[in-house]
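FYI, side chains are in, hydrogens and waters are out, and symmetry mates aren't considered; it's all heavy atoms of this structure.
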Amino acid sequence: MGNMASALCKGFIASGKLTKENTFAYAPNQEKLRKNGENYGFTPCANLQELLLKSEIIIMACKPYQIEGVLAEAGTGSWSNRAILSIAAGWDYKSYQKVLTGNPRVQYIMPNTPARVQAGVMLFEKQNGLTVEERAFAKDLFSAVGIIVELPTEQMKIGMSISGCGPAFVDMMIEAYADAAVKYGIPRNTAYQMVSQTILGSAKLQQMTGLHPGILKDQVCSPGGTTIRGVASLEATGFRNSCMESIDAIMNS
């Protein structure tokens, strides 16, 4: 029950998709679990067995290297009557098939950190073992914290590279432009507010109009104006190529 799981839980309960009474969680650190339960509104469980006894759908949110240990702790047979929504990176449907018997009822989902403010991207692997009703429930649940995007297994890695790693790249851009604002005299907090809202507003404008980003860029660039000079500088320093190479670095790792 770490940061991502807590953020998801907060969104699920705040949206009314779940209630405290039917949301249970387990983590080895019981004191932290109790405090998170008070903050986010779930009911803590003393052990994994209690969690399984009370739950029909399990969100597997531990670290990837911990998955096999958690599955073994409860006994692989204990999971046959449970649906698993796994948000552990790399643990796709085929990974669970290797460690669980039969046709495991698993859905691999990759959220991203903006889920903490109900503005995330939820990547759903198309291959899964859920029933139709369970999958509909999972999609409805996760839609409370962001948009749902379905991808085939072979595209999950590139999807995670964009939506999972992307927030860090955007944060770097916020920091850089805020530094530029501070360099020319704008207070730090005001700079962050201006830059973050500019990025948020630009993204929302593209989403709501559906216009190609290049068209929206052209609408800001007056002939001989200030914006086109800045665009030319970004092109000269390879801005767009740097963006694509950041994804290449992930995909080729």
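For an aromatic pair to be called close, the ring centres must be under 6.0 Å apart, and Phe124 with Tyr108 fails this.
Annotation: Gln193, atom CD; neighbour count of heavy atoms from other residues, nucleotides and ligands within 6.0 Å does not exceed 12. In the displayed structure, Met172 atom CE is contacted under 6.0 Å by at most 12 heavy atoms of other residues, nucleotides or ligands. Around CD of Glu56, the count of heavy atoms belonging to other residues, nucleotides or ligands within 6.0 Å does not exceed 12. Applying the 6.0 Å contact sphere to CG of Asn3 captures no more than 12 heavy atoms from other residues, nucleotides or ligands. Environment of OH in Tyr177: sparse, with no more than 12 heavy atoms of neighbouring residues, nucleotides or ligands closer than 6.0 Å.
With values rounded to the nearest 0.5 angstrom, Leu205 atom CG is found 5.0 Å from Leu216 atom CG. Between the CD atom of Glu235 and the OG atom of Ser233 there is a distance of 10.0 Å, given to the nearest 0.5 Å. Lys17 contributes atom NZ, which lies 13.5 Å from atom OG1 of Thr19 (distance to the nearest 0.5 angstrom). Summarising the geometry, atom CG belonging to Asp179 is positioned 10.0 Å from atom NZ belonging to Lys183; distances are rounded to the nearest 0.5 Å. The CH2 atom of Trp79 sits 5.5 Å away from the CD1 atom of Ile84 when rounded to the nearest 0.5 Å. With rounding to the nearest 0.5 Å, the separation of CZ in Arg105 from OH in Tyr93 is 11.0 Å.
A heavy-atom distance below 4.5 Å is not found between the side chains of Pro223 and Ile228. Ile174 places a side-chain heavy atom less than 4.5 Å from the side chain of Asp171. In this structure, the side chains of Glu68 and Val99 come closer than 4.5 Å at one or more pairs of heavy atoms. Residues Thr43 and Glu21 are not in side-chain contact: their nearest non-hydrogen atoms beyond the backbone lie 4.5 Å or more apart. Between Lys20 and Thr23, every side-chain heavy-atom pair lies at or beyond the 4.5 Å cut-off. In this structure, Leu33 and Phe42 have side chains that are in contact, with non-hydrogen atoms separated by less than 4.5 Å. For the pair Phe142 and Gln107, the minimum side-chain heavy-atom distance is 4.5 Å or more. Contact check for Val121 versus Pro111: no side-chain heavy atoms found under the 4.5 Å cut-off.
Judged by distance alone, with hydrogens and angles left aside, the side-chain atoms of Ser15 form a donor-acceptor pair with the main-chain N or O of Phe12 at under 3.5 Å. Distance alone, capped at 3.5 Å, is enough to place a donor-acceptor pair between the Gln66 side chain and the Lys63 backbone. Here the side chain of Asn128 pairs a donor or acceptor atom with the backbone of Lys126 at under 3.5 angstrom. With Gln118 contributing its side chain and Gly146 its backbone, the two residues share no donor-acceptor pair below 3.5 Å. Here the side chain of Thr237 pairs a donor or acceptor atom with the backbone of Leu234 at under 3.5 angstrom. The main-chain N or O of Ile186 is never found under 3.5 Å from a side-chain atom of Thr190 such that the two would form a donor-acceptor pair. The closest donor-acceptor contact from the side chain of Lys157 to the backbone of Met251 lies under 3.5 Å. Between the side chain of Thr131 and the main chain of Glu134, a donor-acceptor pair closer than 3.5 Å is present. For the pair Ser163 (side chain) and Met160 (backbone), a donor-acceptor distance under 3.5 Å is absent.
Listed here is the closest heavy atom pair of Leu52 and Arg82: O-NH2, 2.7 Å. What you find for Ile13 and Gly41 is that their closest heavy atoms are CD1-O, 3.2 Å. Cys45 and Lys54 get closest at one heavy-atom pair: SG-CD, 4.5 Å. Considering all non-hydrogen atoms of both residues, Ala61 and Ala5 come closest at CB-CB, 3.6 Å. The two residues Asn112 and Gly164 have their closest heavy-atom pair at CB-CA, 4.2 Å. Across Pro44 and Glu50, no two heavy atoms sit closer than the pair O-OE2, 4.3 Å.
Using a 4.0 Å cut-off between charged nitrogen and carboxylate oxygen, Asp140 and Arg135 do not count as a salt-bridge pair. Under the 4.0 Å criterion applied to side-chain N and carboxylate O atoms, Glu38 and Lys35 are not assigned as salt-bridge partners.
By the criterion of side-chain heavy atoms lying less than 4.5 angstrom apart, applied directly or through intervening Ile, Leu, Val, Met, Phe, Trp or Tyr residues, Ile109 is not grouped with Leu71; the two fall into different hydrophobic clusters. The same ILVMFWY cluster, assembled from side-chain heavy atoms under 4.5 Å apart, contains both Ile148 and Leu85. Placement of Ile87 and Val106 in two distinct hydrophobic clusters is found when ILVMFWY residues are connected by side-chain heavy-atom separations under 4.5 Å, directly or transitively. Note on Ile162: it does not cluster hydrophobically with Leu151, by side-chain heavy-atom contacts below 4.5 Å among ILVMFWY residues. Met110 and Phe169 are not part of a single hydrophobic cluster, where members link through side-chain heavy atoms under 4.5 Å apart.
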Dump the intermediate steps for side chain to side chain contact (heavy atoms under 4.5 Å, CB included) on Gln127 and Lys94, then the final yes or no. CA-CA 9 Å; Gln127 185 178 13; Lys94 287 184 179 179; 3.8 Å; yes

Pair Tyr96, Ser86 - check side chain to side chain donor-acceptor pair (under 3.5 Å), show working. CA-CA 10 Å; Tyr96 279 93; Ser86 179; 2.8 Å; yes

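With Glu150 as reference, Lys139 is the one residue of Met122, Glu125, Lys139 to meet the side-chain contact (heavy atoms from CB on, under 4.5 Å) rule.
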